Engineer: 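What follows is a single structure, and I will ask about it in a moment.
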Amino acid sequence: MTAEISVIVPTLNAERTLPACLSALIEGVMAGLIHELIVTDGGSTDATLAIARDAGANLVSGPASRGGQLRRAAKTAKGRWLLVIHADTILEPGWADVVA
């Protein structure tokens with residue numbers, strides 16, 4: 001199976017919640033579902049961008065606006081499908097099997 005999902009995570013000062021969110025996505029990477037991870041940031045002043053960079057995310061930045069952030073990320077996405085999740089979302093174990 002070709003990885004077809006672009007995961008988009010809008011952020012703004014999400015250093016406390018982003019690591020757990022990204023950790024839960026590993027299951028999708030291992031299952032070959034995730035093509036790319038895009039973190040679309042609205043001007044964080046904490047460690048959000050460093051966490052995203054360390055995770056290998058593609059970074060998109062611009063003014064804080066949920067709609068604007070999602071629009072900017074969607075324009076850069078290369079996957080066939082978009083999965084938009086909030087930075088405080090932790091997908092449950094087994095999610096990749098359900099998606100596959």
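Remember, it's a predicted structure, so these values are computed and weren't measured experimentally.
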Engineer: Measure the spacing between CD1 of I5 and CG of L83 and express it to the nearest 0.5 Å.
Structural biologist: 6.0 Å
Engineer: By side-chain contact (heavy atoms from CB on, under 4.5 Å), which residues pair with D88, not counting sequence neighbours?
Structural biologist: T17, H86
Engineer: Is there a path from I34 to W81 through hydrophobic residues (I, L, V, M, F, W, Y) whose side chains come within less than 4.5 Å of each other?
Structural biologist: yes
Engineer: Kindly list each side-chain donor-acceptor pair under 3.5 angstrom involving residues 44-52, sequence neighbours excluded, with atom names and distances?
Structural biologist:
{"from": "S44", "atom 1": "OG", "to": "N13", "atom 2": "N", "distance (Å)": "2.6"}
{"from": "S44", "atom 1": "OG", "to": "D41", "atom 2": "OD1", "distance (Å)": "2.5"}
{"from": "S44", "atom 1": "OG", "to": "D41", "atom 2": "OD2", "distance (Å)": "3.4"}
{"from": "T45", "atom 1": "OG1", "to": "N13", "atom 2": "OD1", "distance (Å)": "3.4"}
{"from": "D46", "atom 1": "OD1", "to": "T48", "atom 2": "N", "distance (Å)": "3.0"}
{"from": "D46", "atom 1": "OD1", "to": "T48", "atom 2": "OG1", "distance (Å)": "2.6"}
{"from": "D46", "atom 1": "OD2", "to": "A14", "atom 2": "N", "distance (Å)": "3.4"}
{"from": "D46", "atom 1": "OD2", "to": "E15", "atom 2": "N", "distance (Å)": "3.2"}
{"from": "D46", "atom 1": "OD2", "to": "T48", "atom 2": "OG1", "distance (Å)": "3.4"}
{"from": "T48", "atom 1": "OG1", "to": "A14", "atom 2": "N", "distance (Å)": "2.7"}
{"from": "T48", "atom 1": "OG1", "to": "E15", "atom 2": "N", "distance (Å)": "3.2"}

Engineer: Just jot down the side-chain contact (heavy atoms from CB on, under 4.5 Å) partners of A20, sequence neighbours excluded, or say none.
Structural biologist: I90
Engineer: Measure from the side-chain N and O atoms of Q69 to the backbone N and O of A64, and report whether any donor-acceptor pair falls under 3.5 Å.
Structural biologist: no
Engineer: Please set out all donor-acceptor pairs under 3.5 angstrom arising from side-chain atoms of residues 22-31, sequence neighbours excluded.
Structural biologist:
{"from": "E27", "atom 1": "OE1", "to": "G94", "atom 2": "N", "distance (Å)": "3.2"}
{"from": "E27", "atom 1": "OE2", "to": "G94", "atom 2": "N", "distance (Å)": "3.0"}
{"from": "E27", "atom 1": "OE2", "to": "W95", "atom 2": "N", "distance (Å)": "3.1"}
{"from": "E27", "atom 1": "OE2", "to": "A96", "atom 2": "N", "distance (Å)": "2.9"}

Engineer: Give the C-alpha distance, both sets of side-chain angles, the deciding distance and a yes or no for side chain to side chain contact (heavy atoms under 4.5 Å, CB included) between I38 and V7.
Structural biologist: CA-CA 6 Å; I38 303 169; V7 177; over 6 Å; no
Engineer: How far apart are the C-alpha atoms of V60 and V39, what are their side-chain angles, what is the distance that settles it, and do they pass the side chain to side chain contact (heavy atoms under 4.5 Å, CB included) test?
Structural biologist: CA-CA 6 Å; V60 178; V39 171; over 6 Å; no
Engineer: Under the rule for salt bridge (Lys or Arg N to Asp or Glu O under 4.0 Å), what residues qualify as partners of R66, not counting sequence neighbours?
Structural biologist: none
Engineer: Here's a test for you: under side chain to side chain contact (heavy atoms under 4.5 Å, CB included), which of S65, P63, P10 qualifies with R72?
Structural biologist: P63
Engineer: Under the side-chain hydrogen bond (donor to acceptor under 3.5 Å, both in side chains) rule, what pairs show up with a residue in residues 28-38, not counting sequence neighbours?
Structural biologist: S6-E36, E36-N58
Engineer: Check whether any side-chain heavy atom of T40 sits under 4.5 Å from a side-chain heavy atom of V9, and report yes or no.
Structural biologist: no
Engineer: Taking a hydrophobic cluster as the set of Ile, Leu, Val, Met, Phe, Trp and Tyr residues connected by side-chain heavy atoms closer than 4.5 Å, whether directly or through intermediates, do I85 and L12 fall within one such cluster?
Structural biologist: no
Engineer: In the structure I gave you, are the side-chain heavy atoms of R53 and L59 within less than 4.5 Å of one another anywhere?
Structural biologist: yes
